[in-house]
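Data block below; observations after.
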Amino acid sequence: MFKIFINAWRVQDIRRKLLFIFLLLFIYRIGSVVPLPGIDLYLLNEWRFGASHDPAATTGMTFISMIMGGGDFSVFAMGIMPYITASIIMQLLTYAVPKLSQMQKDGEDGRKKIGQITRYMAVGFAALQAAGTVFSYTNWPPWAGADGFNLFYHQNILVYIVATVAMMTGTIFIMWLAELLTEKGIGSGASFLIFANILAGLPGGVIAIGNMALDAGWMMGGLQVVLMLAVFAFIIAFVVLVHEGERRIPVQNARAAAGGRSGTGVKSQSHIPLKVNIAGVLPIIFAVSVMHFPAQIHGFFQNEGLGNVVRWLNFTGQPGMPIHPVGVIVYVVMIFAFTHFYTSFAVNPVEMAENMKKNGGFIPGIRPGKPTSDYIAVTVKRLSWIGSCFYALIALTPILLDLFTDVPVGFGGTTILIVIGVALEFVKQLESQLLMRHYKGFLN
């Protein structure tokens, strides 16, 4: 892997792309620490450092904050989450609305129109979520109820409007950064931003775990650290194994004999590689986005019934709200649902069978046409179930440890899944970039 980075750095074009990625990520991290206009920083610091007996209030970040932006109380507090929510809804609508489905089949122009609609929808979600977040800051922390306090220095409607517009503008700026990273960088821009958020939050999480281990004593704390390291090592090995795993469907291609003469022709054999985790890390991100939506609505309306729903759906172990079994079950169900949905969206067995038939290819023992598409569909469905169980196992491992032990693993499994997935995809993108340029040192 290090050799790939060294060889990529030697290519001027790729080096410019890497420097461009680092620059945009640096700008993104700066925006994550720019405070929201009107926030009383003195009161905020007093709450953070005055609540030293509450580790969740003073150290580390929750997984949701990592996905959203990693910068609580900043102009980038919502991060890329509204855009992800809009993308989920648009993908669902392309199946339900015939006009959008036709638009998606129109090639590049249709995809551009769908992308534009997604951006407009993301702006609307950003406005609603920003208003709800600002409203929640007027009675902080959310679990304090009537004992909460207002984080804004000047408590009037104009300050709240300015803060809402600033947070909404920050999300639009992040969307622009993500598209720039996708267009001029290497790989998916949104994945890079989430990747940067997780890496930025790791030092705080390590410090929190170290402090808790010290409070528990050397013997018990040492056992906790060893247990967490063992869990992380298992998760890393398991993630890499499944991420690189694939089901290879054998395909034979019959070519006509040379010179156009009739005959049996020449047969060549290849395969169709189908990855076990076809959906990648998107089911986890989508599930977190949907699970967090009731909390966003609750932040805007502050309804008691919505508050109960938020507590039932809590699966993150946030301060003041312990992990609820209902939230864990719903979280796993959402992972299964989004894995199957995205797999069906990413793989089209009918199109694969038609292309295979046009090129004179066939699967040994399977007739061309509908039997081939049915065989591919069944294979993909089985892989989806394997991938769903894999995601659920990774997501549940730290949650179960947090439920039945006092080990503060948090969302280690899911964050490792995202980090490894994005890192492996980035390395593959670098390999393809080097192959496109016929880099001699890489090919040798």
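Since the model is a prediction, treat every value here as computed from it, not as a measurement.
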Worksheet entry | Mutual orientation of the aromatic rings belonging to Trp385 and Phe336 [parallel < 30°, tilted 30-60°, perpendicular > 60°] | tilted

Point-to-point distance, once rounded to the nearest 0.5 Å, from [atom1] of [X] to [atom2] of [Y]:
X      : Y      : atom1 : atom2 : value
Leu41  : Leu151 : CG    : CG    : 10.0 Å
Ile114 : Met90  : CD1   : CE    : 5.5 Å
Ile363 : Gln252 : CD1   : CD    : 11.0 Å
Thr343 : Lys381 : OG1   : NZ    : 11.5 Å
Gln433 : Lys428 : CD    : NZ    : 15.5 Å
Ile174 : Leu181 : CD1   : CG    : 11.5 Å

Minimum heavy-atom distance [X]-[Y], with the two atoms named:
X      : Y      : value
Gly31  : Val75  : O-CG2, 3.6 Å
Gly369 : Ala353 : O-CB, 3.8 Å
Glu246 : Pro273 : OE1-CB, 3.6 Å
Pro349 : Ser373 : CB-O, 3.4 Å
Phe192 : Leu25  : O-CD2, 4.0 Å
Phe152 : Tyr137 : CE1-CB, 3.7 Å

| query | Less than 4.5 Å apart, any side-chain heavy atom of Tyr153 and any of Tyr42? | reply | no

Close side-chain approach of Ile80 to Tyr28, heavy-atom, < 4.5 Å:
no

Next on the checklist: Tell me if a side-chain donor or acceptor on Ser74 pairs with a main-chain N or O of Ser32 at a distance below 3.5 Å.
Outcome noted: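 Yes.
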
Are any side-chain N or O atoms of Ser136 and backbone N or O atoms of Thr133, one a donor and one an acceptor, separated by less than 3.5 Å?
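Judged by distance alone, yes, a pair lies under 3.5 Å.
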
Side chain to side chain contact (heavy atoms under 4.5 Å, CB included) between Leu241 and Phe390: does it pass, once the steps are laid out?
-> CA-CA 11 Å; Leu241 177 65; Phe390 160 67; over 6 Å; no

Sequence neighbours excluded, every pair satisfying side chain to side chain donor-acceptor pair (under 3.5 Å) that has a member inside residues 172-186: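 Side chain to side chain donor-acceptor pair (under 3.5 Å) check on residues 172-186 returns Arg119-Glu179.
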
Query raised in the report: Testing Val380, Thr372, Ile376 for side-chain contact (heavy atoms from CB on, under 4.5 Å) with Met352, which one passes?
Result: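 Exactly one option meets the side-chain contact (heavy atoms from CB on, under 4.5 Å) with Met352, and it is Ile376.
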
The side chain to side chain donor-acceptor pair (under 3.5 Å) partners of Arg16 (sequence neighbours excluded) come to none

| request: Please check if atom NZ in Lys113 has more than 12 non-hydrogen atoms from other residues, nucleotides or ligands closer than 6.0 Å. | output: no

- Task: List the steps, then state whether side chain to side chain contact (heavy atoms under 4.5 Å, CB included) holds for Thr379 with Tyr375.
- Result: CA-CA 6 Å; Thr379 304; Tyr375 177 80; 4.0 Å; yes

Sequence neighbours left out, cut at 3.5 Å: what donor-acceptor pairs do the side chains of residues 162-172 make with other protein atoms?
unit_1, atom_1, unit_2, atom_2, d
Thr164, OG1, Tyr160, O, 2.8
Thr169, OG1, Val165, O, 2.7
Thr171, OG1, Met167, O, 3.4

Do Ile249 and Ile366 pass the side chain to side chain contact (heavy atoms under 4.5 Å, CB included) test, and can you show the C-alpha distance, the side-chain angles, and the key distance before you say yes or no? CA-CA 11 Å; Ile249 301 178; Ile366 306 296; over 6 Å; no

